[in-house]
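Note sheet for the following structure.
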Amino acid sequence: GLVAAIAFESVIKLVAFLAVGIFITYGVYNGFGDVFNRAASDPELRQLFTMRDTYGSWAWLLFLSMSAIILLPRQFQMAVVENKKESHLNKAMWLFPAYLLLINIFVLPITFGGLLHFPGGVVDPDTFVLTLPIAEGQGLLALFVFIGGLSAATSMVIVAAVALTIMISNDLVMPVLLHWPVLNLSQPRDLGGLLLGIRRVAIVVILLLSYGYFRLTGESQALVSIGLVSFAAVAQFVPAVIGGMYWKRGTRLGALVGLSAGFAVWIYTLPLPALADSGLLSQSFVESGPFGLGLLRPYALFGISGLDPVANAMVWSMPVSYTH
């Protein structure tokens, strides 16, 4: 049931995105060439056609994307836990890249179309797929796109919540309860009801924590920025995963130390500054560093400036994780 629901919403999302992409590219503008030529003739948008000093950011985004595909809990849930036949991977090997290609065809036309239609940053770029059809009087198309976006968001939340709750119940809560003599759960019995209860409570807690983080930082961060923060967190598992597969001399203690150190640097360079940007911490923490120590500014750690926040976090957290 879960896989069927996710597959259905994936089709709806793809059709909705292709529909708005075709409308903007060939309805609002006269094709790809027209959109790109207009954007290239705009002085503010012309710089987006060249990378200039963004090679580092581009490389880290590629690294984060690859890490997310392999290590995100929801990816593992769909690719491994819900996979009933190994032969399904043969279809996924070509269907998944084809899906990614189709859903990315109109990303740049929609982006440039939105920036041309709403100059000066008056509209959040996250909402271009909705605001452009509405501005052109296409209310039904905007409604269809909203349904596609809603289905995509709900499916992602559902799969992530299910994956995390299974991990929490199986690897965190149940081992503690089984070793608690008072409960005497080690004796043979049906623990299905207890597992269901734990997972339901975990789902509620996860959703409340997620909503709380959004309420705390959502006003000061774009949706894509929140996603990249989580991707950077997942990337901290890369050294332990690669080491576990290929480094025979690696140890459990080394993996735990590397993970702990990497997550500490990640927390310092991304979530804490986000809390400062939202007003929960003093802005001086970002601008001057803790206790006025300029070398410890989270966005310019040890005096290295000029990097975007995600690249800065990865530059410092990855070496720490790999060192251990």
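Start at 1 with the first residue, then count along the sequence. Values in this document were obtained by computation on a predicted structure and should not be read as measured data.
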Determine, using the 4.5 Å side-chain heavy-atom cutoff (strictly less than), whether [X] and [Y] are members of one ILVMFWY cluster.
{"X": "F96", "Y": "I103", "value": "no"}
{"X": "M66", "Y": "F237", "value": "no"}
{"X": "I110", "Y": "F146", "value": "yes"}
{"X": "V241", "Y": "L64", "value": "yes"}
{"X": "V11", "Y": "Y99", "value": "no"}

Do the non-hydrogen side-chain atoms of [X] and [Y] ever get within less than 4.5 Å of each other?
{"X": "P133", "Y": "V20", "result": "yes"}
{"X": "F23", "Y": "E136", "result": "yes"}
{"X": "K13", "Y": "F8", "result": "no"}
{"X": "Y213", "Y": "V229", "result": "yes"}
{"X": "T165", "Y": "S169", "result": "no"}
{"X": "M174", "Y": "L195", "result": "yes"}
{"X": "I198", "Y": "L177", "result": "yes"}
{"X": "L256", "Y": "R252", "result": "yes"}

Show the nearest heavy-atom pair for residues [X] and [Y], with the distance to one decimal.
{"X": "S67", "Y": "V238", "result": "OG-CG2, 3.4 Å"}
{"X": "L228", "Y": "V310", "result": "CB-CG2, 3.9 Å"}
{"X": "A313", "Y": "T269", "result": "CB-OG1, 3.2 Å"}
{"X": "V234", "Y": "L71", "result": "CG1-CB, 3.4 Å"}
{"X": "I12", "Y": "S151", "result": "CG2-OG, 4.2 Å"}
{"X": "P73", "Y": "L164", "result": "CG-CD2, 3.8 Å"}

What is the distance from atom [atom1] of [X] to atom [atom2] of [Y], rounded to the nearest 0.5 Å?
{"X": "T111", "Y": "L45", "atom1": "OG1", "atom2": "CG", "value": "10.5 Å"}
{"X": "I6", "Y": "S10", "atom1": "CD1", "atom2": "OG", "value": "6.5 Å"}
{"X": "N30", "Y": "T25", "atom1": "CG", "atom2": "OG1", "value": "11.0 Å"}
{"X": "L100", "Y": "S65", "atom1": "CG", "atom2": "OG", "value": "10.0 Å"}
{"X": "Q77", "Y": "I158", "atom1": "CD", "atom2": "CD1", "value": "12.0 Å"}
{"X": "M156", "Y": "R74", "atom1": "CE", "atom2": "CZ", "value": "5.0 Å"}

| request: Evaluate side-chain contact (heavy atoms from CB on, under 4.5 Å) for V107 paired with N104, printing each intermediate quantity in order. | output: CA-CA 5 Å; V107 169; N104 280 284; 3.7 Å; yes
| field | OH (Y268) with more than 12 external heavy atoms under 6.0 Å | value |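 Atom OH in Y268 is packed in, count exceeds 12.
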| message | Would you say CE of M93 has more than 12 non-hydrogen atoms from neighbouring residues, nucleotides or ligands within 6.0 angstrom? | response |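 Atom CE in M93 is not crowded, with 12 or fewer foreign heavy atoms closer than 6.0 Å.
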| said: As a quick check of understanding, evaluate side-chain contact (heavy atoms from CB on, under 4.5 Å) for V15 and F144, giving each step before the final call. | reply: CA-CA 9 Å; V15 173; F144 181 46; 3.8 Å; yes
Is [X] isolated, or which residues cluster with it under the ILVMFWY side-chain rule of less than 4.5 Å, directly or via members?
{"X": "W94", "value": "L95"}
{"X": "V176", "value": "none"}
{"X": "L101", "value": "none"}
{"X": "L209", "value": "V201, V205"}

| query | Parallel, tilted or perpendicular: which fits the ring planes of F63 and W60, with parallel below 30° and perpendicular above 60°? | reply |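 Ring orientation of F63 relative to W60: perpendicular.
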| request: Assess whether side-chain contact (heavy atoms from CB on, under 4.5 Å) is satisfied between L61 and F231, documenting all intermediate values. | output: CA-CA 9 Å; L61 286 176; F231 281 14; over 6 Å; no
| field | Qualifying ring pair (Phe, Tyr, Trp, His ring centres under 6.0 Å) pairs, either residue in residues 101-127, two or more places apart | value |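 For residues 101-127, and leaving out neighbouring residues, the ring pair (Phe, Tyr, Trp, His ring centres under 6.0 Å) pairs sorted by first residue read F32-F106, F36-F112, F49-F112.
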| message | Set out, in order, the CA-CA distance, both residues' side-chain angles and the distance that settles side-chain contact (heavy atoms from CB on, under 4.5 Å) for V162 and M167, then state yes or no. | response | CA-CA 9 Å; V162 169; M167 294 177 180; over 6 Å; no
| Please walk me through it: do Q236 and S317 pass side chain to side chain donor-acceptor pair (under 3.5 Å)? | CA-CA 8 Å; Q236 305 306 316; S317 64; 3.1 Å; yes
| message | Per the salt bridge (charged side-chain N to carboxylate O under 4.0 Å, His left out) rule, what does the pair list look like for residues 33-43, sequence neighbours excluded? | response |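 Sorted result for residues 33-43: D34-R38.
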